[in-house]
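Counting convention: from 1, in listed order, for ligands and their atoms alike. Residue indices begin at 1 and follow the sequence shown.
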Amino acid sequence: MKIRKSYSEQETEVIGFELGLLLKDEPRVVILLDGELGAGKTTFTKGIARGLGVTSVVNSPTFTIMKKYRTKDYFRTLYHLDLYRLEGEGTDFDLEEYIDGNGMIVIEWPYQVSNFLPHDYLLVKINKLSDTEREFIMECHGYPCKRAVQLI
Ligand SMILES: Nc1ncnc2c1ncn2[C@@H]1O[C@H](COP(=O)(O)OP(=O)(O)O)[C@@H](O)[C@H]1O
Ligand SMILES: [Mg+2]
C-alpha cells in the first residue's frame, strides 16, 4: 500500500501521470478509483492518460459511461469508465468486453459492478480532506501493479 497527498488539482494530475508512466508497459491493468463526487477521480485519470501516452483531451465520461483513447503510438488503449449512472440497474455489465491485450481500464464508481470486477486490480481510494487537499491510498491486488505501487 502507498499513500500520497496532493494539495492542488495540478499535483493530483502529476501523481496520476507518474502512475501512468509506471504502468505504461503492463498489459491489462485495471484501476479502480474510489472517492466521492469532486474527489479528483477524473483529474487523476487525466494524469494517468498522459503518462500512458494519450495526447488527446481526456474529460469526464459521466454521460457516456465509457470513453476510449489511443496512445499516440497506437500501442495502448485507455478505457475510461464512469459507472455512476449504472446505480441500481442490476447490471449485466461485462468488463471483459473492454479488456484487450493492450488495454488499460480506469473505472470511476467501480462498485456499481462489483460482481464483474477482475481479481487483479489497482485500487486507488481518494479521500477529500479539505477543499484542496486530497489523500491517495493505492493498493495493488494481484500482479500487474505491484512494481508501480512500490515505486510511486
Ligand atoms: N488536490 C486536488 N486534487 C484534485 N482536484 C482538486 C484538488 N483540489 C481541488 N480540486 C477540485 O476538485 C474537483 C475534482 O473534480 P473531478 O476530478 O472531476 O472529481 P471526480 O471525478 O472525483 O468527481 C475539481 O473541481 C478540482 O479543481
Ligand atoms: Mg469524475
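Checked by distance only, ligand 1 and A39 come closer than 3.5 Å through their nitrogen or oxygen atoms.
Applying the 6.0 Å contact sphere to NZ of K72 captures no more than 12 heavy atoms from other residues, nucleotides or ligands.
Close contacts between ligand 1 and E36 involve ligand atoms 22 (O) [criterion: under 4.0 Å to a heavy atom]. Those atoms of ligand 1 with a heavy atom of Y7 less than 4.0 angstrom away are 1 (N).
For residue E108, an N/O/S atom approaches the Mg ion (ligand 2) to within less than 2.8 Å. With a cut-off of 2.8 Å, the Mg ion (ligand 2) has an N, O or S atom of T42 in range.
If you look at F44 next to ligand 1, there are no close heavy atoms at all, none under 4.0 Å.
The protein heavy-atom contact nearest to atom 4 (C) of ligand 1 is T12 OG1, 3.3 Å. With hydrogens left out, the protein atom closest to atom 1 (N) of ligand 1 is T132 O, 2.8 Å, a heavy atom. Nearest to atom 18 (O) of ligand 1 among the protein's heavy atoms is T42 CB, 3.7 Å. Among all non-hydrogen protein atoms, the one lying nearest atom 14 (C) of ligand 1 is G38 O, 3.4 Å. The protein non-hydrogen atom at the shortest distance from atom 9 (C) of ligand 1 is D131 O, 3.2 Å.
If you check each of T43, L33, L37 against atom 17 (O) of ligand 1, the one with the closest non-hydrogen atom is T43. Remark: among candidates R134, E9, E133, E11, the nearest residue to atom 12 (O) of ligand 1 is R134, based on non-hydrogen atoms. With distances taken over non-hydrogen atoms, the option nearest atom 2 (C) of ligand 1 out of G35, S8, G40, S60 is S8.
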